[in-house]
Colleague: 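Can you read through this structure? Questions will come right after.
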Amino acid sequence: MVDLVVRHPRNREIERHYVYQQVLVEWLGLTIQSFAEDRDDVLLESPRSLGGPHVRLSDSFLALPSNLWLTPDSLPRSGPVILQGARELSARLLEDEVLLPWPSMGISPKVRHLQDGSIHIGADLFGAAFFFLTRYEEVAAPSADRFGRYPAACSWSGQHGLIERPLVDEYLAVLRAALLIVWPKLSITEPDSRVYVSHDVDLPLRYRWSSIVRTLGGGLRDCRLDGGITMVMHRMRDWHAVRHRGRYDRDPYNTFEALISCAQKWCQPSAFFFLADRTSHAYDGLYHINDSFIVDLLKRLAESGQEVGLHPSFETWLDAQQTSREQQRLLAACERAGFRPSALGGRQHYLRWKAPTTWLNWESAGMTYDSTLCFAELAGFRCGTAREYRAFDLVGSRQLRLLERPLIVMDSTLLHYMKLGPTEAAIESGLRLKHRCQRLGGNFTLLWHNSNLSTPAHWRVFRTLAEN
């Protein structure tokens, strides 16, 4: 039985089908039937009462002419526009005014309640969702930092201080509230908010693959910071114990048993993403995926119920063949450890990602989900959502099988880029984002490197953010 009939303009039917399917079917759990018509808005009707009360939304972004599509001239030029009346529509979920990247063409950005029970939303919520989910602005006007990553400051959300707002999830809350007001008996899926904890295994051990010169150099740096030789001597003793006696318990980066214990205590398996090759000697890890320590670690993770995934190396983000090779190398190592993952997700090393190329690399490799998308320098909502969703190839105009699981907080972002360190400020920043994810039914996805737990203060920040 069809829950909703969607009547929409005739243009860009593939893009429209994608966003209607993602929002109405995948997220709200409805069954829909869509019709392309000669119209300039989007009409949602009940098949049981055609011509009766309805929900109408304005349409502007997907109506852009072809000569503007995927060009800088198609990007929003103004600051955020308030959708009047939206906050009152879903006051239980929305703490702030609902903001849009552009005004609707000739229509007041306002929610109107009609006498027949219909609701008219003077905003292009579907178009705005498409804009953020597909990372449209990154294709229309690409930019890059020194690692090739799209900078937060170049994004519309970054320019207007909105990266900490899950705008798409707020649009979803407005639409959900409108649908339930017009059709109170409509069966809409209740959101199931989860905490996803993952660990990029860049440096599984500090000393096993480190030379004495490299280790001594690090010790001398610590000596300058701490003002004493004690740290140097302590580091060299640990290096010798790990490197020459196999005392991996003496390695400060070997936090895996503690992380497994945390995951089991919280009854939420964690994901561990491994580098399977080296394409950059400057930026990739020192270990080999077939090293006995790594194979034993893979086995231990699988036996304890944790997830094993891929962390494609530094130069893979534009290279589909190398991505596939590294996926196969990881799977081969897992088989040597006595198991084969039923599904395989992961995250790009250094968060190097380009729309839609990197998604296409993962799709061709048969990966299940990617969890790369956040801004390295600011924690928050690069995609406007904390919900998992299907990736879309803007250049090829097609929906992919690959899922995107947006990353919300990375440890290095809080500790280093935002210069908060392992402090109460870092906890407050992370918990604020976690609260927004959970309030709107999204997932709080946290990345914490196994090598970034060197002090009790670091452990405290991690545990506070990671636990349910």
Side-chain angles (χ1 to χ4, degrees), residues 3-4 18-32 89-95 98 125-126 129 132-133 164-181 183-198 262-271 305-307 309 341-347 367-374 379-391 399 401-409 430-448 464-468:
D3 295 310
L4 284 181
Y18 163 75
V19 73
Y20 301 149
Q21 185 79 14
Q22 184 59 62
V23 172
L24 297 172
V25 178
E26 300 295 334
W27 284 346
L28 295 183
L30 301 172
T31 56
I32 64 172
L89 198 67
S90 186
R92 181 177 65 87
L93 297 177
L94 299 174
E95 296 180 335
V98 174
L125 299 186
F126 287 116
F132 288 112
L133 296 179
E164 289 197 0
R165 292 275 298 274
L167 296 175
V168 173
D169 295 339
E170 294 176 12
Y171 305 154
L172 185 67
V174 172
L175 182 59
R176 182 180 186 277
L179 293 174
L180 288 175
I181 289 172
W183 301 291
K185 295 184 179 180
L186 197 62
S187 180
I188 291 181
T189 301
E190 288 295 324
D192 179 22
S193 183
R194 296 186 57 182
V195 174
Y196 287 114
V197 178
S198 56
C262 286
Q264 292 175 334
K265 176 183 176 182
W266 300 327
C267 299
Q268 53 178 41
S270 294
Q306 310 310 305
E307 177 188 345
S342 58
L344 200 61
R347 178 179 300 112
M367 299 291 289
T368 305
Y369 75 86
D370 167 65
S371 189
T372 301
L373 286 185
C374 74
F381 305 92
R382 180 173 175 176
C383 306
T385 182
R387 294 168 178 258
E388 196 169 81
Y389 67 92
R390 295 282 174 191
Q399 177 177 303
R401 296 184 302 275
L402 180 73
L403 292 169
E404 178 59 38
R405 180 180 295 172
L407 176 60
I408 309 304
V409 172
L431 288 181
R432 182 168 62 250
L433 294 169
K434 186 176 183 178
H435 167 72
R436 288 177 177 169
C437 294
Q438 294 175 332
R439 188 183 73 249
L440 289 165
N443 303 314
F444 180 66
T445 302
L446 172 69
L447 158 60
W448 205 281
T464 303
L465 298 182
E467 64 185 352
N468 288 317

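We're numbering straight along the sequence, starting at 1.
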Colleague: Please answer whether the main-chain N or O of Ser270 pairs with a side-chain N or O of Gln306 as donor and acceptor at a distance below 3.5 Å.
Modeller: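 Pair found, side chain donor or acceptor close to backbone of Ser270.
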Colleague: If you count heavy atoms of other groups shown closer than 6.0 angstrom to CZ of Arg390, is the number above 12?
Modeller: yes
Colleague: Considering non-hydrogen atoms only, spot the tightest contact between Gly309 and Leu344 and give its length.
Modeller: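 Taking Gly309 first and Leu344 second, the nearest heavy atoms are CA-CD1, 3.9 Å.
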Colleague: Is there a side chain to side chain contact (heavy atoms under 4.5 Å, CB included) between Phe444 and Val409 once you walk through the steps?
Modeller: CA-CA 8 Å; Phe444 180 66; Val409 172; 3.7 Å; yes
Colleague: Would you say the side chains of Asn443 and Thr445 form a donor-acceptor pair under 3.5 Å?
Modeller: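 The criterion, which ignores hydrogens and geometry beyond distance, is not satisfied for Thr445 and Asn443.
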Colleague: How close do Leu94 and Ala173 get, counting heavy atoms only, and between which atoms?
Modeller: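 So the minimum-distance heavy-atom pair works out to CD2-CB, 4.2 Å.
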Colleague: Quick one: do Arg176 and Glu190 make a salt bridge, cutoff under 4.0 Å?
Modeller: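 Looking at Glu190 together with Arg176, the answer is yes, because their closest N to O distance falls below 4.0 Å.
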Colleague: Assign the ring pair Phe132 / Tyr171 to parallel, tilted or perpendicular, where the plane angle (0 to 90°) is split at 30° and 60°.
Modeller: tilted
Colleague: Find the distance between CZ (Arg382) and CD1 (Ile408) and round it off to the nearest 0.5 Å.
Modeller: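 So the CZ of Arg382 and the CD1 of Ile408 are separated by 12.0 Å.
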Colleague: Does a side-chain heavy-atom distance below 4.5 Å link Glu307 with Pro269?
Modeller: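 Not touching, per the 4.5 Å side-chain cut-off.
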Colleague: What is the minimum heavy-atom distance between Gly380 and Leu433, and which atoms define it?
Modeller: N-CD1, 3.9 Å
Colleague: Donor-acceptor check, side chain of Tyr389 to backbone of Leu133, threshold 3.5 angstrom: yes or no?
Modeller: yes
Colleague: Can you check whether Ala386's main-chain N or O pairs, donor with acceptor, with Asp169's side chain at less than 3.5 Å?
Modeller: yes
Colleague: For Gly441 and Pro191, which heavy atoms make the closest approach, and how far apart are they?
Modeller: CA-CB, 3.4 Å
Colleague: How many angstroms lie between atom CZ of Arg347 and atom OH of Tyr369, to the nearest 0.5 angstrom?
Modeller: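 OH of Tyr369 is found 7.5 Å from CZ of Arg347.
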Colleague: Not counting sequence neighbours, which residues clear side-chain hydrogen bond (donor to acceptor under 3.5 Å, both in side chains) with Asp3? List them please.
Modeller: Thr31
Colleague: Does a side-chain heavy-atom distance below 4.5 Å link Arg165 with Phe381?
Modeller: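 Sidechains of Phe381 and Arg165: no contact.
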Colleague: Decide, yes or no, whether a salt bridge links Glu164 with Arg432 under the criterion of side-chain N to carboxylate O below 4.0 Å.
Modeller: yes
Colleague: Is there a side-chain contact between Thr464 and Leu431 (heavy atoms, below 4.5 Å)?
Modeller: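 Answer yes - side chains close enough.
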Colleague: Please name the pair of heavy atoms, one in Arg405 and one in Glu388, separated by the smallest distance, quoted to 0.1 Å.
Modeller: NE-OE2, 2.8 Å
Colleague: Begin with the C-alpha distance, continue with both residues' side-chain angles, and end with the deciding distance and a verdict on side chain to side chain contact (heavy atoms under 4.5 Å, CB included) for Leu175 and Trp27.
Modeller: CA-CA 11 Å; Leu175 182 59; Trp27 284 346; over 6 Å; no
Colleague: To the nearest 0.5 Å, tell me how far Arg387 CZ sits from Leu440 CG.
Modeller: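 So the gap between those two atoms works out to 8.0 Å.
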Colleague: Nearest 0.5 angstrom please: Leu407 CG to Leu446 CG, how far?
Modeller: 8.0 Å
Colleague: Indicate yes or no for a side-chain donor-acceptor contact from Asn468 to the backbone of Val195 under 3.5 Å, with no hydrogens or angles considered.
Modeller: no
Colleague: So how far is it from Cys383 SG to Leu167 CG, rounded to the nearest 0.5 Å?
Modeller: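 Here the interatomic distance stands at 12.0 Å.
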Colleague: Quick one: pull up CG in Leu24 and CZ in Phe126 and give me the separation to the nearest 0.5 Å.
Modeller: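 The CZ atom of Phe126 is 4.0 Å from CG of Leu24, to the nearest 0.5 Å.
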Colleague: Assess the residue pair Leu28 and Leu179 against the criterion (side chain to side chain contact (heavy atoms under 4.5 Å, CB included)); give the C-alpha distance rounded to whole Å, side-chain angles, the decisive distance to 0.1 Å, and a yes or no.
Modeller: CA-CA 10 Å; Leu28 295 183; Leu179 293 174; 3.9 Å; yes
Colleague: Are Leu465 and Lys434 close enough, and set up right, to give a side chain to side chain contact (heavy atoms under 4.5 Å, CB included), and what steps lead you there?
Modeller: CA-CA 8 Å; Leu465 298 182; Lys434 186 176 183 178; 5.6 Å; no
Colleague: Determine yes or no for a side-chain-to-main-chain donor-acceptor pair under 3.5 angstrom, with Ser371 supplying the side chain and Pro406 the backbone.
Modeller: no
